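Have a look at the structure below before the remarks.
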Amino acid sequence: MENYTQQEETPVNAKKAALINAFIWTAISIIIFLITYYAVPNMFGNMAYGIVLMLISIGLAIYFTLDLRGKVGGYWSFREALSSIFIMFFVQHLLYSLFVLAFAKWIEPAYADLIREVTLNTTTELAERFAAGNQEAIDTMIAEAEKSVEEQLNP
């Protein structure tokens with residue numbers, strides 16, 4: 001019989017693995033954002049797109065969390081899991097938000113105008129559907145939407 005040596009896998013540093021996963025997750029999110037912006041920009045105002053994007057985000061969160069657990073050896077304490085997952089989510093959200101901010105400010109200044117236009121078009125369509133001819137209600141909903149969009153785009 002041959003001797004098989006059992007090699008123990010050295011578990012990686014959980015925080016370092018969380019950062020790597022956060023960078024990969026951010027890259028995937030940025031690619032989805034850029035494809036949407038340049039291929040079908042009107043999708044930003046579509047509720048179905050928002051739901052699909054949310055499901056993709058949840059799927060990526062689950063995948064990268066399970067991947068992180070596997071990289072640390074399959075077992076980790078609650079403290080290590082909580083801190084590593086928090087780091088992964090926080091870094092991903094921070095990097096993605098900074099990218100979108102930089103994209104809107106320096107790379108593609110027309111992004112804010114596109115979001116404003118898409119949001120107002122979607123709000124107008126919804127207002128016309130729900131208000132059913134009540135022009136005063138439609139105007140009120142559109143004015144509130146314009147104010148909300150301006151606050152979001154110019155805090």
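The first residue of the sequence shown is numbered 1, and numbering continues consecutively from there. These numbers were taken from a predicted model, which means no experiment stands behind them.
Residues I56 and V100 share a hydrophobic cluster, clusters being chains of Ile/Leu/Val/Met/Phe/Trp/Tyr side chains in contact below 4.5 Å. Residues L82 and L94 do not share a hydrophobic cluster, clusters being chains of Ile/Leu/Val/Met/Phe/Trp/Tyr side chains in contact below 4.5 Å. Hydrophobic cluster membership differs between V72 and F86, with clusters built from Ile, Leu, Val, Met, Phe, Trp and Tyr side chains linked at under 4.5 angstrom. Grouping the Ile, Leu, Val, Met, Phe, Trp and Tyr side chains by contacts below 4.5 angstrom, directly or via other members, places F90 apart from L19. Under the 4.5 Å side-chain heavy-atom criterion for Ile, Leu, Val, Met, Phe, Trp and Tyr, W106 and L95 are members of distinct hydrophobic clusters.
At a cut-off of 3.5 Å, with distance as the only test, no side-chain donor of E125 or N121 sits close to an acceptor on the other residue.
The minimum heavy-atom distance linking W76 with A81 is given by the pair CE2-CB, 3.4 Å. Closest heavy-atom contact between W25 and S57: CZ2-O, 3.9 Å. A pairwise comparison of heavy atoms in A17 and V12 identifies CB-CG2, 3.9 Å as the closest pair. Across every non-hydrogen atom of M88 and A22, the tightest pair is O-CB, 3.5 Å. For the residue pair M43 and Y49, the shortest heavy atom distance occurs at O-CD2, 3.2 Å. The heavy-atom pair separating L68 from A14 by the smallest distance is CD1-O, 3.6 Å.
Atom-to-atom distance recorded for S29:OG and I24:CD1 is 12.0 Å, nearest 0.5 angstrom. Rounded to the nearest 0.5 Å, atoms OG1 (T124) and CE (M141) are 10.0 Å apart. The line from CG of L60 to CG of N21 is 10.5 Å long, rounded to the nearest 0.5 Å. Separating the CD atom in Q92 from the OG atom in S97 is a distance of 8.0 Å, to the nearest 0.5 Å. How far CG of L101 is from OH of Y111: 10.5 Å, rounded to the nearest 0.5 Å. With values rounded to the nearest 0.5 angstrom, I51 atom CD1 is found 9.0 Å from N46 atom CG.
Applying the 6.0 Å contact sphere to OH of Y75 captures no more than 12 heavy atoms from other residues, nucleotides or ligands.
Aromatic ring centroids of F23 and F64 lie 6.0 Å or more apart.
Between the side chain of S148 and the backbone N or O of E144, no donor-acceptor pair lies under 3.5 Å. A side-chain donor-acceptor contact under 3.5 Å links S83 to the backbone of E80.
A 4.5 Å side-chain heavy-atom check between T122 and F44 finds every atom pair outside the cut-off. The shortest distance between side-chain heavy atoms of L34 and F103 falls below 4.5 Å. The shortest side-chain heavy-atom distance between T65 and F89 falls under the 4.5 Å cut-off.
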